[in-house]
S.K.: 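If you scroll down you'll find the structure; I have some questions about it.
As the structure is a computational prediction, the values presented were derived from the model and not from experiment. Counting begins at 1 with the first residue of the sequence. When a ligand or atom number is given, it counts from 1 through the structure's own listing order. All values below come from the heavy atoms of this structure, side chains included, with hydrogens, waters and symmetry mates left out.
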Amino acid sequence: MSAEPERSPLDETPYLDGAAQAKSRYGRFNLAVVGGTGVGKSSLVNAVFGRDLAKVGKGLPVTRGVQYYSDDSLGIWDIEGFEIGSALSPAEQLRGHLAQIAAHPRNEQISVVWYCVKANDDRLTPADVAMIRELSAAGLPVILVLTKVDWSRNPVTGRFRAPQGVQEFVDWLEKPVDEHGCRLEIGYERVILTSTSDKHGKGKGHGLGELVAETLTLSPEDEKDAFRIAQRLNLPWKRELARPVITAAAAAAAGAAAVPLPVADAVTLAPIQLGMMARISVIYDIEMQTALSTSALANLGAQLAGRALASSLLKLIPGAGSVVNAGVAAALTAATGEGWLRLCEQVHTGKIDLEQINGAWSAYVPGILDVVGKMTQQRLGR
Ligand SMILES: Nc1nc2c(ncn2[C@@H]2O[C@H](COP(=O)(O)OP(=O)(O)OP(=O)(O)O)[C@@H](O)[C@H]2O)c(=O)[nH]1
Ligand SMILES: [Mg+2]
């Protein structure tokens with residue numbers, strides 16, 4: 001036995017470090033959802049973020065009528081209208097809530113507000129107007145979300161239409177006036193009609209794509225990536241975030257193989273690839289650590305990057321031979337990243353169960369054609 005224990009190449013630290021770095025870099029997106037009880041706040045949050053934070057997240061009853069739920073990428077301030085019979089007006093109550101929230105840490109501060117009103121209420125109450133003004137005066141971008149829209153479908157055009165009363169409500173909201181015809185300044189930035197199901201509790205809902213697009217637009221610049229990660233409706237946004245992670249890892253792998261590595265040492269690339277995989281998992285909001293033991297994670301990286309792949313494939317890769325040069329290392333890493341991205345998408349969209357990932361990932365290990373394809377792309381400068 002040697003006195004110095006040899007450092008195992010199967011080391012999961014790069015994965016754990018990569019995940020921790022990515023989480024702190026992207027941070028948390030905080031949304032305030034304001035509205036009366038039963039207007040459909042929780043249903044909206046579940047539909048857009050794909051999880052019921054009230055069930056799975058950490059909940060914190062902040063004060064009566066205000067709850068804060070959070071996980072790594074998402075924080076929800078669930079603010080339930082106002083208390084009837086209170087000595088304070090609705091706007092004063094809300095001002096109190098906002099003051100309390102402002103005293104919370106920086107990573108819990110509200111980025112965007114969804115002010116929710118049932119579409120078929122057909123009007124804003126004076127309390128709604130006062131509360132929206134209060135939010136806007138606090139500098140918060142407010143989206144007025146009309147919920148539970150009972151759409152009907154034109155059988156000829158296939159277009160969806162809101163009921164007449166709701167359409168009139170929307171027209172009024174475009175240019176709100178009081179009973180004397182005087183223009184009202186209310187302070188919401190957008191009006192969006194939504195539903196999360198039809199009246200039979202079925203279907204996927206409507207208006208949610210528009211809601212996420214507007215929420216992203218109104219998010220502060222440095223919170224946009226956190227929102228892209230927290231939401232679950234728009235997959236291309238996640239791909240856009242993941243691609244630069246792959247490019248950076250491929251460049252790092254090329255650097256590591258600037259002096260060509262013997263094939264048996266191809267495992268040197270594992271830490272780079274594991275870090276890349278961790279960052280991609282964070283973008284897809286997937287906690288691999290809960291599905292795979294840390295040693296299984298390390299194994300995964302070594303297998304993807306390592307000896308088995310390298311020795312079996314490299315002989316077949318034009319110009320590779322018995323060493324891994326910079327071009328091969330970059331291509332191997334890029335192809336691994338693409339495979340991992342596809343696997344994460346499958347988990348994210350529920351096509352692969354996180355519990356089954358142990359058996360599933362091997363199908364996403366890049367093959368010879370993927371690696372050669374990446375090398376060709378690099379030569380062509382793409
Ligand atoms: N028809 C229809 N029903 C909906 C829609 N969204 C929510 N609901 C139903 O409305 C009820 C209330 O929805 P929630 O999402 O719990 O409303 P909430 O605002 O979170 O309610 P509280 O948390 O109790 O204040 C539930 O029974 C939902 O199934 C919708 O778009 N259409
Ligand atoms: Mg709720």
S.K.: Suppose we measure from atom 23 (O) of ligand 1 to each protein heavy atom; which comes out shortest, and what is that distance?
M.R.: Ser42 OG, 3.9 Å

S.K.: Carefully, step by step, assess Arg25 and Val282 under the rule side-chain contact (heavy atoms from CB on, under 4.5 Å).
M.R.: CA-CA 10 Å; Arg25 164 156 177 238; Val282 168; over 6 Å; no

S.K.: Counting only heavy atoms on the protein side, is anything nearer than 4.0 Å to atom 7 (C) of ligand 1?
M.R.: yes

S.K.: Taking Gln93 for the side chain and Leu88 for the main chain, is one N or O donor matched with an acceptor at less than 3.5 Å?
M.R.: yes

S.K.: Which of the numbered atoms in ligand 1 are under 4.0 angstrom from any heavy atom belonging to Lys41?
M.R.: 15 (O), 17 (O), 18 (P), 19 (O), 20 (O), 25 (O)

S.K.: Which residues and atoms, counting only protein N, O or S, are under 2.8 Å from the Mg ion (ligand 2)?
M.R.: Ser42 OG

S.K.: Among protein heavy atoms, which lies nearest atom 32 (N) of ligand 1, and at what distance?
M.R.: Ser197 O, 3.3 Å

S.K.: Is a salt bridge present between Glu240 and Arg243, judged by a nitrogen-to-oxygen distance below 4.0 Å?
M.R.: no

S.K.: Please check this pair: side chain of Thr147 against backbone of Val39, looking for a donor-acceptor N/O pair closer than 3.5 Å.
M.R.: yes

S.K.: Among all protein heavy atoms, pick out the one at the shortest distance from atom 26 (C) of ligand 1; state its residue, atom name and that distance to 0.1 Å.
M.R.: Ser43 OG, 4.7 Å

S.K.: For Thr147, is the nearest heavy atom under 4.0 Å from an atom of ligand 1?
M.R.: no

S.K.: Begin with the C-alpha distance, continue with both residues' side-chain angles, and end with the deciding distance and a verdict on side-chain contact (heavy atoms from CB on, under 4.5 Å) for Phe160 and Val149.
M.R.: CA-CA 11 Å; Phe160 285 89; Val149 175; over 6 Å; no

S.K.: For Thr196, take its heavy atoms, then give the atoms of ligand 1 lying under 4.0 Å from any of them.
M.R.: 5 (C), 6 (N), 7 (C), 30 (C), 31 (O)

S.K.: Is Val149 close to ligand 1, meaning an N/O of one under 3.5 Å from an N/O of the other?
M.R.: no

S.K.: Do Asn30 and Tyr68 have side-chain atoms, one donor and one acceptor, less than 3.5 Å apart?
M.R.: yes

S.K.: What I want to find out is whether Glu345 reaches Lys238 closely enough, with some N-O distance under 4.0 Å, to be called a salt bridge.
M.R.: no

S.K.: Do other residues, nucleotides or ligands put more than 12 heavy atoms under 6.0 Å from the CZ atom of Arg159?
M.R.: no

S.K.: Taking both backbone and side-chain atoms of Gly38, is any N or O found less than 3.5 Å from an N or O belonging to ligand 1?
M.R.: yes

S.K.: Which residue supplies the protein heavy atom nearest to atom 24 (O) of ligand 1, what is that atom called, and how far is it?
M.R.: Thr37 OG1, 3.4 Å

S.K.: With a cutoff of 4.0 Å, is Asp198 in contact with ligand 1, counting heavy atoms of the residue only?
M.R.: yes

S.K.: Taking only residues two or more places apart in sequence or in another chain, which ones pass ring-ring contact (aromatic ring centres under 6.0 Å, His included) with Phe29?
M.R.: Phe227

S.K.: Looking just at side-chain N and O atoms, do Thr333 and Gln273 make a donor-acceptor pair shorter than 3.5 Å?
M.R.: yes

S.K.: Could you name the option among Gly65, Ser195, Gly40, Gly81 that has the heavy atom nearest to atom 17 (O) of ligand 1?
M.R.: Gly40

S.K.: Got a protein heavy atom sitting under 4.0 Å from atom 14 (P) of ligand 1?
M.R.: yes

S.K.: For atom 29 (O) of ligand 1, is the nearest protein heavy atom closer than 4.0 Å?
M.R.: no

S.K.: Answer yes or no: is there a donor N or O on one side and an acceptor on the other, between the side chain of Trp172 and the main chain of Val177, under 3.5 Å?
M.R.: yes

S.K.: Any side-chain donor paired with an acceptor under 3.5 Å for Tyr115 and Asp128?
M.R.: yes

S.K.: Which residue holds the protein heavy atom closest to atom 10 (O) of ligand 1, what is that atom called, and what is the gap in Å?
M.R.: Lys148 NZ, 2.8 Å

S.K.: Parallel, tilted or perpendicular: which describes the rings of His104 and Trp77, with under 30° parallel and over 60° perpendicular?
M.R.: perpendicular

